[in-house]
Amino acid sequence: MSQSGKPRQRAAELRQEINHHNYRYYVLDDPVISDAQYDKLLRELEKIEEKYPELKTPDSPTQRIGAAPSPDFGEVKYKIPMLSIGNKLDEKQVHDWDISKKEELRFDCIDYTVEPKFDGTSVSLLYRNGVLVQAGTRGDGSTGEDVTTNARTIKTVPLHLQGQDWPKVVEVRGEVVIPKKEFEILNAEQLKRGEKVFANPRNAAAGSLRQLDSKITASRPLVFLPWGFGVAPKNFARHYSEVVKKFKNWGFHVTEFFHVTHGIEECIELYKQILIKRDELPFEIDGMVYKVDDLSARERLRPTARAPGWAIAHKFPAKEGTTRVINIEPSVGRTGVITPVAILEPVEVGGVTVTRSTLHNEDELLRKDIRINDTILVRRAGDVIPEAVSIFVKKRSHNSQIWHVPKVCPQCRSEVIREEGKAAHRCTAGLYCPAQLMGAILHFASRSAMDIEGLGEKLVEQLVSKGLVKTVDDLYHLNQDDLAALERMGDKSAQNIIESINRSRKPTFARFLYSLGIPQVGEATAEELAAHFGTIEPLENAKLEKLQEVQNVGLTMAEDIYSFFHEEHNREVISKLLKTEIQLQTPRITAKKNLLLTGKTFVLTGTLSGMTRDQAKKELRAFGAKVSDTVSKKTDYVIVGEEPGSKADKAREFGVKMISEKEFTKLISR
């Protein structure tokens with residue numbers, strides 16, 4: 001349908017005017033028209049867009065009302081990962097961090113920015129030519145969920161950036177939160193409707209943003225607060241403080257508690273000031289974030305796997321509360337460890353209703369002398385995990401009860417043992433126990449084990465929840481139709497996974513052993529067990545003395561291996577696996593140079609240019625060396641590749657000899 005220029009012109013005028021009033025109301029908190037006048041403008045725009053749908057634009061204020069329910073969320077891939085920020089809990093840790101940054105940069109003093117660590121859910125907003133085109137959650141840092149439709153409903157998310165100085169493409173990152181007062185109102189409304197209340201503002205924000213029906217998101221009092229950027233032009237700005245000014249000019253709500261400091265002492269002083277005002281702030285925060293202000297200096301600071309090297313979060317002290325232990329229940333983790341969990345009378349701790357608290361292990365439980373019916377002090381450690389701190393002995397009742405770890409697993413009724421020299425109790429049915437199933441499958445399918453490509457966490461979760469896989473042998477009974485019917489799967493993906501499963505049917509004996517997830521048995525030990533026993537039967541029936549004949553297998557490890565193979569449920573699963581046409585390969589290992597590295601322990605760190613890590617490990621083992629994943633005083637050599645991690649630091653700390661890839665290659669070429 002054609003339309004005259006008048007509706008198009010009027011729609012553009014209305015969008016500009018309404019966006020301006022949104023900015024004054026939601027960002028500046030300084031409206032210049034009444035709500036009735038605002039509503040009149042919005043209704044006029046809605047009528048024009050209803051009559052002329054082709055005039056509706058992505059940055060129209062009418063997009064904030066939400067759309068029809070979405071069947072699912074798509075994915076957002078990040079060119080620049082959304083990393084988490086490392087935490088420091090005390091001043092000494094903060095000072096140590098500052099010293100390390102100054103040494104790394106060779107600065108006498110560093111200018112930092114300081115801002116609150118908002119307790120919400122992280123979101124990245126992508127703008128092209130000033131218009132919001134995509135919004136994604138943090139996800140795993142590299143891939144998030146596409147929540148663009150929902151993000152458009154948030155009043156403090158500009159649909160079109162203000163001003164004219166924004167780049168052609170820019171990614172603004174920040175936190176979606178719910179103000180404390182609005183959170184209380186929201187929960188009161190939930191109660192009136194007979195719906196579940198939210199535990200805290202963070203959960204409410206995350207749940208509201210991820211609604212499949214964006215109209216629900218639009219009804220929630222969400223606020224977006226920027227704290228950084230992703231994709232942006234290289235000469236975008238020289239300092240982060242300049243970027244924050246740009247955010248404000250573009251129409252974002254910037255926290256009033258943002259400061260630039262000269263040195264770490266000024267950061268700590270601001271931290272103390274905000275800590276005193278913490279409860280008076282409109283939003284929940286759990287600390288302050290310190291960032292290097294100079295953007296070029298940031299590029300010289302080495303990140304960790306999960307966090308940038310130029311920022312830390314200085315966490316606030318944990319909050320505490322008093323409550324009663326109603327019961328203590330055993331919880332079985334993915335690795336089979338039995339953890340006692342206190343079931344508590346509900347108590348408010350730091351704005352969160354706490355009903356459960358981990359007690360870690362039986363030794364910790366006995367040390368603190370926590371019993372059923374005791375009155376205890378609960379603290380949110382790091383403002384997240386509820387921790388039972390101590391008991392009030394004077395309030396102990398006559399009917400308090402001491403709790404002990406059960407002899408059999410509450411999930412599968414298999415034997416529970418305590419690991420020698422450790423506080424942990426563990427269910428021995430690693431392959432059979434339902435509580436360990438997901439972890440067992442993911443380990444079984446991992447690259448160093450059976451190497452089943454495509455079997456990731458989300459797919460495994462579906463296979464388990466739908467009852468398609470109850471023990472790992474069920475993987476070999478799956479068919480293409482089973483997989484194709486699952487969420488986010490198609491015929492081609494299903495076919496690829498079935499082919500990958502079939503390719504895994506001829507593992508080496510060592511890979512198969514490693515895939516079983518036997519406690520303490522890593523890749524190196526699996527190789528040694530395979531070389532010593534040759535086949536599965538003698539290993540299954542080996543006595544403790546025979547197991548200790550294997551290189552590097554001591555009494556404690558031998559006991560774990562013995563317990564694993566003498567748990568009937570595990571033997572049953574292994575038997576089923578071998579009946580699924582799995583053929584164990586036992587390649588003959590040719591001794592190289594009379595095993596010149598026999599007994600030497602190596603650790604690899606960083607990226608090797610001439611070979612993969614797996615290839616390097618095979619070479620080392622072929623020469624009789626042991627390969628470990630951790631550096632200790634017993635480590636003989638650390639092979640250092642490009643961009644080494646913390647293992648290199650550990651090597652320096654312990655005085656372990658470090659060699660380059662070139663030196664390693666020369667060593668095995670003798």
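In this structure, E643 places its CD atom where only 12 or fewer heavy-atom neighbours from other residues, nucleotides or ligands lie under 6.0 Å away. The environment of CD in E461 is sparse: at most 12 heavy-atom neighbours from other residues, nucleotides or ligands sit within 6.0 Å. Counting heavy atoms of neighbouring residues, nucleotides and ligands inside a 6.0 Å radius, atom CZ of R302 does not exceed 12 of them. The environment of K650 atom NZ is sparse: at most 12 non-hydrogen atoms of other residues, nucleotides or ligands sit within 6.0 angstrom. Enclosure of atom CD in E581 is not indicated, since only 12 or fewer non-hydrogen atoms of other residues, nucleotides or ligands lie within 6.0 angstrom.
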**OP:** Could you check F654 against T635 for side-chain contact (heavy atoms from CB on, under 4.5 Å), going step by step and ending with a plain yes or no?
**Re:** CA-CA 9 Å; F654 292 136; T635 304; over 6 Å; no

Subject >> From CA spacing to verdict: side chain to side chain donor-acceptor pair (under 3.5 Å), Y476, S504 >> reply: CA-CA 10 Å; Y476 294 93; S504 76; 2.8 Å; yes

**OP:** Go through W403 and I370 one step at a time and tell me if the side-chain contact (heavy atoms from CB on, under 4.5 Å) criterion holds.
**Re:** CA-CA 9 Å; W403 185 88; I370 296 175; over 6 Å; no

**OP:** Begin from the C-alpha positions of N87 and K117 and carry the test side-chain contact (heavy atoms from CB on, under 4.5 Å) through to its verdict.
**Re:** CA-CA 11 Å; N87 295 328; K117 185 177 183 299; 4.2 Å; yes

Original post:
Please walk me through it: do I417 and H425 pass side-chain contact (heavy atoms from CB on, under 4.5 Å)?
Top reply: CA-CA 5 Å; I417 63 169; H425 287 73; over 6 Å; no

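Contact record, Y514 with V521: CD1-O, 3.7 Å, taken as the closest heavy-atom pair. When all heavy atoms of A449 and H443 are compared, the closest pair comes out as CB-O, 3.3 Å. The two residues P507 and M450 come nearest to each other via the heavy atoms CG-CE, 3.6 Å. Heavy-atom minimum distance, M82 versus S122: CE-CB, 4.0 Å. In plain terms, the two heavy atoms of C409 and V332 that are nearest each other are SG-CG2, 3.9 Å. Nearest heavy atoms, V638 versus A651: CG2-CB, 3.8 Å.
With a 4.5 Å cut-off on side-chain heavy atoms, S84 and R138 count as touching. At least one side-chain heavy atom of I536 sits under 4.5 Å from a side-chain heavy atom of L578. Counting heavy atoms from C-beta outward, T137 and L209 have side chains that approach closer than 4.5 Å.
Within the 3.5 Å criterion, the main-chain N or O of P538 finds no donor-acceptor partner in the side chain of N541. The main-chain N or O of N496 is never found under 3.5 Å from a side-chain atom of S500 such that the two would form a donor-acceptor pair. The backbone N or O of N399 lies less than 3.5 Å from no partner atom in the side chain of R371, so there is not a single donor-acceptor pair.
In summary, D286 and R202 do not engage in a salt bridge, as defined by a charged side-chain N under 4.0 Å from a carboxylate O. Between D636 and K626 there is no salt bridge, since no side-chain N of the basic residue sits under 4.0 Å from a carboxylate O of the acidic one. Look at E523 and K617 and you find a salt bridge, because one of the NZ, NE, NH1 or NH2 atoms lies within 4.0 Å of a carboxylate O, short of that distance. Taking the charged nitrogens against the carboxylate oxygens, E572 and K576 do have a contact shorter than 4.0 Å, which makes a salt bridge. At a threshold of 4.0 Å, the pair E387-K368 counts as salt-bridged, since one of the basic side-chain nitrogens sits closer than that to a carboxylate oxygen. A salt bridge links R210 with E145: the closest approach of a Lys/Arg side-chain nitrogen to an acidic carboxylate oxygen falls below 4.0 angstrom.
For the 3.5 Å distance criterion, the side chains of E567 and T428 qualify, holding a donor opposite an acceptor. Of the N and O atoms on the side chains of E499 and Q495, at least one donor lies less than 3.5 Å from an acceptor on the other residue. With no hydrogens or angles considered, a side-chain donor-acceptor pair links T143 and K77 at under 3.5 Å.
Ring planes of Y637 and F602: parallel class, angle under 30° (limits at 30 and 60°).
Annotation: the span from L468 atom CG to L486 atom CG amounts to 6.0 Å, rounded to 0.5 Å. Between the CG atom in L620 and the CD atom in Q615 there is a gap of 12.0 Å [rounded to 0.5 Å].
For the side chain to side chain donor-acceptor pair (under 3.5 Å) criterion with D374, the lone passing option out of K395, R396, R324 is R396. Checking L455, V460, L475 one by one against V469, the side chain to side chain contact (heavy atoms under 4.5 Å, CB included) holds for a single residue, L475.
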